[in-house]
K.L.:
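Quick one: structure below, then a few questions.
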Amino acid sequence: MRVVQKYGGSSLATPARILNVAERIARAYREHGPLVVVLSAMGDTTDELLALAREVSPRPHPDALDLLLSTGEVVSIALMEMALRDRGVPAVALMGWQAGIRTTPSFGRALIESVESARLERHLSGGKVVLVAGFQGVTAEEEITTLGRGGSDTTAVALAAALRAERCEIYTDVDGVYTSDPRVVPKARKLTHVTYDEMLELAHLGAVVLHPRAVELAKRYGVPLYVATSLDDREGTWIGGEAQDMEGGRVVTGVAVDESVARVTLRGVRPPEGALKRLFGLLAEAEINVDIIITSAAGPDGLDVAFSLEAGDLERAIELLAARRSSLAYDRLDAEGGLAKVSVVGAGMASRPGVAAGVFRTLADAGIDVKMVSTSEIKISVVVEREQARRAARLLHTAFGLDDEAAEAGGTPSPQGERREA
Ligand code: ADP
Ligand code: ASP
Ligand code: MG
């Protein structure tokens with residue numbers, strides 16, 4: 001039986017935590033034999049490296065930045081190899097390139113193209129625990145890349161898929177996937193099972209507990225995911241193919257919050273013919289991701305278009321649209337930062353009417369202004385002022401019956417607070 005485990009930064013933040021994880025890996029090794037373990041950088045290392053780079057260079061060159069950021073994970077695997085060997089566990093530490101992780105050359109957000117698993121297989125056959133640095137890979141030109149923030153989850157699932165592992169276990173600082181971020185919604189409940197599609201939506205919509213691309217890969221290759229804490233042995237959450245509770249089950253599974261959203265509104269875009277093609281073509285060329293789009297009917301004054309985007313891209317978008325005003329004529333550009341997206345997700349939503357109505361009623365009754373809306377079969381997202389986002393999430397969590405009444409309002413979930421769903 002093959003297993004891939006992954007330990008996140010908070011699980012490795014101090015030497016004591018590293019030793020704790022070493023004990024857990026040693027135990028897994030004694031129970032199952034050889035396994036692959038993906039490690040993140042210790043604690044806030046990646047943030048610290050980023051800050052360090054910015055002190056040296058205002059706009060660090062992407063390939064040098066990736067080389068720098070990749071060192072965080074290397075520290076973790078080297079320390080873990082030492083700790084495991086001290087425990088009599090045969091371990092070998094591999095950087096991403098040594099583990100055969102080949103990526104595209106998009107520095108800072110590289111995609112895994114393939115995993116050449118021969119070396120991993122050899123070490124596994126040799127009875128070893130193989131420690132792999134998460135978040136990194138190598139291009140065809142042998143340059144080091146990173147996969148984007150939170151990308152160690154994706155490394156773990158990619159290795160699990162390549163090695164046809166029975167499951168991929170993600171160990172972190174929460175003991176599973178909750179109905180909402182327990183730091184935002186204290187009454188959030190732990191879920192025992194989430195479908196790939198629900199998790200994909202939650203992750204894309206701001207639930208950082210799993211990297212969205214990790215969930216995507218897990219779904220594509222049918223790798224069951226298990227999310228649990230590295231701090232004790234409490235039962236975590238399974239992410240897999242099928243909903244557990246069939247037709248009687250939940251309509252809403254969770255509420256996600258993304259607190260870094262911005263909006264751009266262009267008024268009087270002319271000529272209206274082909275305006276959308278030109279506008280979004282420009283943004284795509286600049287690799288600016290657009291999320292929700294709203295357009296007016298074209299009138300004599302041209303077309304009005306509003307779109308939301310990642311707050312970090314706002315400045316670049318404004319610069320770009322101002323610079324291209326000759327090819328994209330418009331009367332006015334309004335930009336708004338400080339927004340957030342709150343989303344209600346549930347596989348049961350597709351066949352139940354009234355969820356959108358419930359969202360709007362709840363927010364209107366609380367005096368929370370909805371600036372944009374987008375829906376899919378299994379989610380409804382609203383853009384609101386950032387200051388109101390957490391309150392909106394808590395209200396929606398309550399309105400859709402997700403609250404854990406045993407959890408103390410205002411507190412963080414207590415160890416007994418993660419009553420499982422019936
Ligand atoms: P790691 O360092 O282990 O990768 P992350 O910080 O990336 O950990 O992810 C864990 C965090 O995700 C939790 O501390 C929690 O605040 C946050 N989180 C957001 N949404 C959820 C959710 N729905 N369920 C559980 N945790 C969530
Ligand atoms: N260390 C990287 C980050 O902080 C990757 C990860 O932790 O998944 O984003
Ligand atoms: Mg993470």
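First listed ligand is number 1; within each ligand, the first listed atom is number 1.
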K.L.:
Does ligand 2 come near enough to D153 that some N or O of the ligand is less than 3.5 Å from an N or O of the residue?
P.N.:
no

K.L.:
What are the two closest non-hydrogen atoms of L120 and V130, and how far apart are they?
P.N.:
CD2-CG1, 3.6 Å

K.L.:
Specify the protein heavy atom at minimum distance from atom 6 (C) of ligand 2: its residue, its atom name, and the distance to 0.1 Å.
P.N.:
S152 OG, 3.4 Å

K.L.:
Give the intermediate values and the outcome of side chain to side chain contact (heavy atoms under 4.5 Å, CB included) for residues R2 and E166.
P.N.:
CA-CA 6 Å; R2 278 190 172 171; E166 171 174 304; 5.6 Å; no

K.L.:
Can you find a non-hydrogen atom of E73 under 4.0 Å from ligand 2?
P.N.:
yes

K.L.:
With no hydrogens and no angle check, just 3.5 Å: does a side-chain donor-acceptor pair link H211 and T154?
P.N.:
yes

K.L.:
Work out which heavy atom in P212 is nearest to a heavy atom in L200; give both atom names and the distance.
P.N.:
O-CD1, 3.6 Å

K.L.:
For ligand 1, what is the set of protein residues having any non-hydrogen atom at a distance below 4.0 Å?
P.N.:
K6, G8, G9, S10, T172, D173, V174, G176, V177, Y178, S180, D181, P182, R183, A207, V208, V209

K.L.:
Quick one: does G9 get a heavy atom under 4.0 Å from ligand 2?
P.N.:
no

K.L.:
Looking at S76 and L39, what are the two nearest heavy atoms and their distance?
P.N.:
O-CD1, 3.6 Å

K.L.:
Tell me which protein heavy atom sits closest to atom 3 (C) of ligand 2, plus the residue, atom name and distance to 0.1 Å.
P.N.:
R149 NE, 3.3 Å

K.L.:
Which residue and atom name correspond to the protein heavy atom nearest atom 7 (O) of ligand 2, and how close is it?
P.N.:
S40 OG, 3.2 Å

K.L.:
Do D173 and R17 sit within salt-bridge range, that is, some charged N less than 4.0 Å from a carboxylate O?
P.N.:
no

K.L.:
List every atom of ligand 2 that sits less than 4.0 Å from any heavy atom of G151, numbering the atoms from 1 in the order shown and giving each element.
P.N.:
5 (C), 8 (O)

K.L.:
Do K187 and D404 meet the salt-bridge criterion of a basic N to acidic O distance under 4.0 Å?
P.N.:
no

K.L.:
Quick one: does G148 get an N or O within less than 3.5 Å of an N or O on ligand 2?
P.N.:
no

K.L.:
Give a yes-or-no answer on whether the side chains of S70 and T146 include a donor-acceptor pair shorter than 3.5 Å.
P.N.:
no

K.L.:
May I ask you to establish whether R24 and Y171 are in a cation-pi arrangement, using a distance under 6.0 Å from NZ or CZ to the six-membered ring centre and at most 45° from the ring axis?
P.N.:
yes

